[in-house]
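Have a look at the structure below, then the notes.
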Amino acid sequence: MNEPASNPPAVGVEVRGLRKSFNGQEVLKGLDFEVKPGEVFVIMGPSGSGKSVLLKHIIGLEKPDAGEILIEGESVASPDVMSRYRMAMVFQSGALFNSLTVGENVGLYLTEHRLNPPDEIARIVSEKLDEVGLKGTEDKMPAELSGGMKKRVAIARALVIEPQLILYDEPTSELDPLSAVVIGEEILKLKRRIQATSLVVSHDRDLAFGVADRIAVINEGRILTVGSPDEVRRHPDPLIQKFLHADFKAHIKSNV
Amino acid sequence: MFENVGEMVVLFWRTLLALPVAWRRRQKVFDQFFEIGNASLLMVCILSFFIGGVIALQTGPVLVERGLASAVGGLVGISMCRELAPVMMSILIAGRIGSAMAAEIGSMRVYQEIDALRTMNINPIYYLVLPRMIAIAIALPLLVVFSILVGWLGGAVVAANNNRIDIGFQAFFVNLREVVQIKDVANGVFKGFCFALVIGVVSCHQGLVTIGGPRGIGRSVTKAVVNSIVLIVILDYILTRLLLK
Ligand SMILES: Nc1ncnc2c1ncn2[C@@H]1O[C@H](COP(=O)(O)OP(=O)(O)OP(=O)(O)O)[C@@H](O)[C@H]1O
Ligand SMILES: [Mg+2]
């Protein structure tokens with residue numbers, strides 16, 4: 001892997017007093033946390049707790065009602081932050097460009113910002129697709145892919161950016177356990193290779209405890225705890241314990 | 001509809017500011033341009049032929065009865081140029097292309113593709129709006145010229161073959177050339193250009209503000225077409241008034 005001569009430094013993220021309501025319903029009720037440069041920070045929490053909304057705020061797609069988000073001490077709301085730092089987001093839905101082929105999707109960032117000549121881009125694209133286990137799918141259209149394949153294309157599209165800050169929204173939610181492990185490895189590889197800061201939203205307990213440097217648990221728009229995987233695992237809060245140890249078999253047995 | 005005019009003006013302004021990067025988008029402009037041509041050339045042809053024909057049919061017998069047979073060519077010629085070609089073609093294109101623009105951009109909005117563009121630091125105005133605006137602003141005036149020519153032909157064919165009018169092909173065009181000046185054609189082309197901008201801005205704007213799922217896209221498409229047509233007709237009056245001097 002030939003790396004760029006000087007890696008851009010990893011960036012830290014700080015979220016301060018973040019609040020957001022939609023139609024009078026408060027979704028984020030004052031979030032405070034910090035993600036250190038180069039860290040893999042996993043956010044867990046039940047469905048509907050506001051995780052996706054939080055990520056959209058961090059990458060500047062939503063405007064907070066109150067509070068602020070700082071990237072290297074600069075508010076994401078200021079106009080040139082987005083162009084100064086390389087950031088990427090893997091959407092929960094994938095959000096592939098449906099009118100472009102898989103190859104064009106993955107290469108779009110490079111083509112649009114003219115970072116490489118076309119044959120070089122083609123090489124990078126096929127390499128990234130190979131990494132996520134989708135070798136030779138360049139000419140397929142997104143509509144021809146399965147849900148899990150779309151997700152992996154979306155991840156490849158984000159990896160191509162070589163982002164300093166990458167946000168994953170449920171990267172493994174539609175994947176079989178084997179592909180999930182591959183994606184977990186990719187997250188760690190990116191961190192090792194370019195010291196990327198990663199925020200991972202996931203319900204996947206194996207992924208979370210496998211890749212996280214620190215874990216935050218959020219519920220109903222509030223942070224319950226932030227800490228190392230061990231700290232979170234041993235946290236006394238019954239809600240966190242229930243969330244981490246929910247077990248299908250045990251649940252069914254106790255109900256029968 | 002009018003509450004969004006401010007937003008549309010802003011969108012138009014931003015698109016103008018993006019013009020310097022237009023050359024980089026030439027491939028997309030060409031693609032859009034050919035799509036417009038492909039989707040509408042045949043329709044333009046049929047529509048224009050019959051519009052020219054019906055004007056001849058409506059006015060011909062009346063004029064001939066009053067001994068004004070020689071005016072038929074000029075009348076068809078002028079009305080095609082100044083009014084019918086630009087307005088009817090713009091309405092056709094609003095229905096055919098404006099709807100497609102609103103639907104495409106609207107579905108990209110709903111399915112978060114536009115959000116994805118923004119996270120990749122790609123400006124949706126450069127990437128989506130600019131090529132469409134340029135393509136339609138070039139294509140519609142060309143279609144207007146084409147429509148004018150076909151409309152004249154339609155008028156001439158009807159004038160020659162209807163036995164209550166019965167003006168020969170040659171006589172029709174001799175009169176037409178006496179009456180129609182190049183500035184009349186330019187007038188129509190200019191109108192077509194203005195209407196193209198209206199369709200582009202209204203449709204792209206509607207697409208970008210789409211909310212909700214598939215129903216939201218449907219609503220946007222309808223609004224884009226209806227609002228474009230209403231604005232075209234209003235603007236047509238204003239332009240006619242200004243250009244009449
Ligand atoms: N654009 C929006 N307009 C209105 N309400 C919204 C919007 N986006 C999110 N919400 C609401 O915010 C809440 C949190 O949504 P969010 O998508 O962040 O949940 P989540 O934690 O990502 O859940 P999941 O794990 O199921 O993806 C939900 O109640 C949702 O209805
Ligand atoms: Mg979510």
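Throughout, protein chains are lettered first and strands after them, A, B, ... in sequence-line order, and every chain is numbered starting at 1.
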Take atom [atom1] of [X] as the centre, draw a 6.0 Å sphere, and report whether it contains more than 12 heavy atoms from other residues, nucleotides or ligands.
X: B:M88; atom1: CE; answer: no
X: B:F30; atom1: CZ; answer: no
X: B:I211; atom1: CD1; answer: no

Which portion of B:M120 sits near chain A, non-hydrogen atoms under 4.5 angstrom: both
Heavy-atom contact with chain A under 4.5 Å, split by part of B:L117: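 Both backbone and side chain.
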Examine whether an atom of [X] lies under 4.5 Å from a heavy atom of chain B, and if so say whether it belongs to the side chain, the backbone or both; otherwise answer neither.
X: A:L96; value: backbone
X: A:I59; value: side chain
X: A:L100; value: side chain

Listed partners of A:E68 passing salt bridge (charged side-chain N to carboxylate O under 4.0 Å, His left out), at least two apart: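 Partners of A:E68 under the salt bridge (charged side-chain N to carboxylate O under 4.0 Å, His left out) test: A:R16.
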Salt bridge (charged side-chain N to carboxylate O under 4.0 Å, His left out) partners for A:E39, two or more places apart: A:R214
Closest approach of B:A116 to A:A95 (non-hydrogen atoms, all atoms of both residues): CB-O, 3.8 Å
Between these two chains, chain A and chain B, I want each donor-acceptor atom pair under 3.5 angstrom written on its own line with its distance.
| unit_1 | atom_1 | unit_2 | atom_2 | d |
| --- | --- | --- | --- | --- |
| A:S93 | OG | B:Q112 | OE1 | 3.1 |
| A:N98 | N | B:E113 | OE1 | 3.4 |
| A:N98 | N | B:E113 | OE2 | 3.4 |
| A:N98 | ND2 | B:E113 | OE2 | 2.9 |
| A:E112 | O | B:R24 | NH2 | 2.6 |
| A:E112 | OE1 | B:R25 | NH1 | 2.8 |
| A:E112 | OE1 | B:R25 | NH2 | 2.8 |
| A:E112 | OE2 | B:R25 | NH1 | 3.2 |
| A:H113 | NE2 | B:M120 | O | 3.0 |
| A:H113 | NE2 | B:N121 | O | 3.4 |

Residues which pass ring-ring contact (aromatic ring centres under 6.0 Å, His included) with A:F33, listed by chain and number, not counting sequence neighbours: A:F41
